[in-house]
Amino acid sequence: MKHALDEKYFVQSVKNALRILKLFTPKTPLLSVTEIATIINLPKSTVHRILKELVAEGFLIQDEQNSKYKLGFSVLALGGVVQSHKELYLDAEPLLKEFANHFNLPVHICVMEQLHVVYLMRELGEIPRKLVTKIGRRNDLHCTAEGLAILAFKSKKMIDHVLSQPLTKYTPHTLTDVEALNEEMVKIRRKKIAIAKDTFFVGYTSYAAPIQDYSGEVVSSIAVIAENKTINDSPIEKEMIAEIQRLAKEISEMLGYYE
């Protein structure tokens, strides 16, 4: 009898979780606990417990500004249910293509999913090259410029949580010391650019700048990953960094953020 009750409880919990996920649409991208509980007619305590699990699994994200919830990028694994998130960046595609063709380098839009950075969009230059990224790929946050450019602007609680996890040392140059990583993020917040040389793949440097949404929250990054021999200390490196920062500002404005 107990087994039957447990199974019934589990099935009902799954149904409620799916009901909650279906509430998020382009017209209602943000919902509070109270709003969700009212719409689906469940106790707030029950809704809060389900939301906690959905956040833990990356299906929802809690907005740091207003504590409301929005779809997370783990839903991408279910066949693109969060296509509306990607559509937010569609207006930026011409900018990415122009950059990629001008510098002949791949450029990406990346987002943070729990303890990882995910490659949401990518445009390639015209020169064929060996690529180390693909759409949907997940990398650790601490070893990439595209990850650190987002993490650096998160709350201290979030940063401490990420840095409390085991930090893999992918190369001899990967920063795994918490104090060193915090110092690096101070520089990123000041300069609004992250540069990670040889920290994930030896021979490659990643450059990334933070992108902000209408609330001012850093929600993604624009990143370029280049072979050291083609970019480091070259005359175009400074120009490229300035252009990444300019594009980050322009895409932020597309998302409704103005300084």
Side-chain angles (χ1 to χ4, degrees), residues 61 63-65 73 85 88-89 91-96 98-100 102-103 105-113 116-123 133 139-160 162-163 173-175 178-200 204-226 228 231-259:
I61 299 170
D63 191 289
E64 294 182 2
Q65 301 296 321
F73 286 92
H85 285 267
L88 293 174
Y89 298 94
D91 288 342
E93 280 189 334
L95 302 178
L96 301 184
E98 184 179 352
F99 179 99
H102 178 73
F103 290 98
L105 290 169
V107 59
H108 311 71
I109 297 289
C110 306
V111 296
M112 179 176 166
E113 180 193 319
H116 298 90
V117 61
V118 178
Y119 300 86
L120 184 66
M121 297 174 64
R122 183 180 72 180
E123 290 293 339
T133 64
N139 283 339
D140 290 343
L141 292 162
H142 72 284
C143 59
T144 63
E146 50 271 31
L148 289 173
I150 303 173
L151 181 63
F153 295 89
K154 294 302 181 182
S155 66
K156 184 179 184 302
K157 182 179 179 181
M158 174 61 74
I159 292 173
D160 288 345
V162 172
L163 299 188
H173 305 282
T174 306
L175 287 180
V178 172
E179 184 176 349
L181 281 164
N182 274 309
E183 289 176 1
E184 184 65 22
M185 285 188 281
V186 169
K187 296 177 186 177
I188 293 169
R189 286 191 289 271
R190 184 174 71 249
K191 298 181 179 180
K192 291 196 173 181
I193 189 74
I195 301 175
K197 182 178 180 179
D198 297 324
T199 56
F200 190 61
Y204 287 85
T205 300
S206 56
Y207 307 78
I211 295 171
Q212 296 166 271
D213 70 2
Y214 67 94
S215 69
E217 179 184 359
V218 171
V219 292
S220 56
S221 64
I222 179 169
V224 173
I225 302 170
N228 297 344
I231 195 70
N232 285 173
D233 301 319
S234 71
I236 67 167
E237 185 177 32
K238 185 179 292 186
E239 178 193 353
M240 184 197 68
I241 290 172
E243 184 64 9
I244 293 170
Q245 292 174 309
R246 187 190 72 78
L247 288 181
K249 184 174 184 293
E250 190 166 346
I251 296 170
S252 295
E253 290 176 355
M254 289 178 177
L255 298 181
Y257 176 75
Y258 294 92
E259 293 183 344

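Computed from heavy atoms alone, side chains included, the values below leave out hydrogens, waters and symmetry copies. Because the structure is predicted, anything quoted here is derived from the model rather than measured.
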Can you list the steps and then say if Val111 with Val219 is a side chain to side chain contact (heavy atoms under 4.5 Å, CB included)? CA-CA 7 Å; Val111 296; Val219 292; over 6 Å; no
Closest heavy-atom pair, Ala149 versus Ile188, reported as atoms and distance to 0.1 Å, is CA-CG2, 4.2 Å
Side-chain heavy-atom pair Leu181, Leu151 within 4.5 angstrom cut-off: no
Verdict with reasoning, Gln212 to Val218, per side chain to side chain contact (heavy atoms under 4.5 Å, CB included): CA-CA 4 Å; Gln212 296 166 271; Val218 171; 3.8 Å; yes
Are Lys249 and Glu253 within salt-bridge range, i.e. N to O under 4.0 Å? yes
Mind checking the NE2-CZ spacing from His142 to Phe200? Nearest 0.5 Å is all I need. 9.0 Å
If I compare all heavy atoms of Ala196 with all of Thr199, which pair ends up nearest, and what's the gap? CB-OG1, 3.2 Å
Distance from Ile251 atom CD1 to Ser220 atom OG, nearest 0.5 Å? 7.5 Å
In Å, rounded to the nearest 0.5 Å, how long is the span from CZ of Arg189 to CG of Leu148? 10.5 Å
For the residue pair Met112 and Ile61, establish whether any side-chain heavy-atom pair is separated by less than 4.5 Å. no
Dump the intermediate steps for side chain to side chain contact (heavy atoms under 4.5 Å, CB included) on Glu239 and Ile236, then the final yes or no. CA-CA 5 Å; Glu239 178 193 353; Ile236 67 167; 4.2 Å; yes
Backbone N/O of Ala145 and side chain of Ser206: donor-acceptor pair under 3.5 Å: yes
One pair to check against side chain to side chain contact (heavy atoms under 4.5 Å, CB included): Ile222 and Val107. What are the steps and the verdict? CA-CA 7 Å; Ile222 179 169; Val107 59; 3.7 Å; yes
CZ on Phe99 to CG on Leu105, rounded to 0.5 Å: 6.0 Å
Is Thr205 reaching over with its side chain to a backbone N or O of Ala226, donor-acceptor style, under 3.5 angstrom? no
Counting heavy atoms not belonging to Lys154, are there more than 12 under 6.0 Å from its NZ? yes
Close side-chain approach of His173 to Lys197, heavy-atom, < 4.5 Å: no
Checking Ser221 side chain against Pro210 main chain: does a donor-acceptor pair fall under 3.5 Å? no
Compare every heavy atom of Gly147 with every heavy atom of Thr144, then report the nearest pair and how far apart it is. OG1-N, 3.0 Å
Out of curiosity, Glu184 CD to Leu175 CG, how far, rounded to the nearest 0.5 Å? 6.0 Å
When every non-hydrogen atom of Ile150 is compared with those of Cys110, the smallest separation belongs to CD1-O, 3.7 Å
I'd like to know if the side chain of Gln245 reaches the main chain of Lys191, judged simply by a donor and an acceptor atom lying under 3.5 Å from each other, with no hydrogens or angles considered. yes
Let me confirm one number: the NE2-CG distance from His116 to Leu141, rounded to the nearest 0.5 Å. 7.5 Å
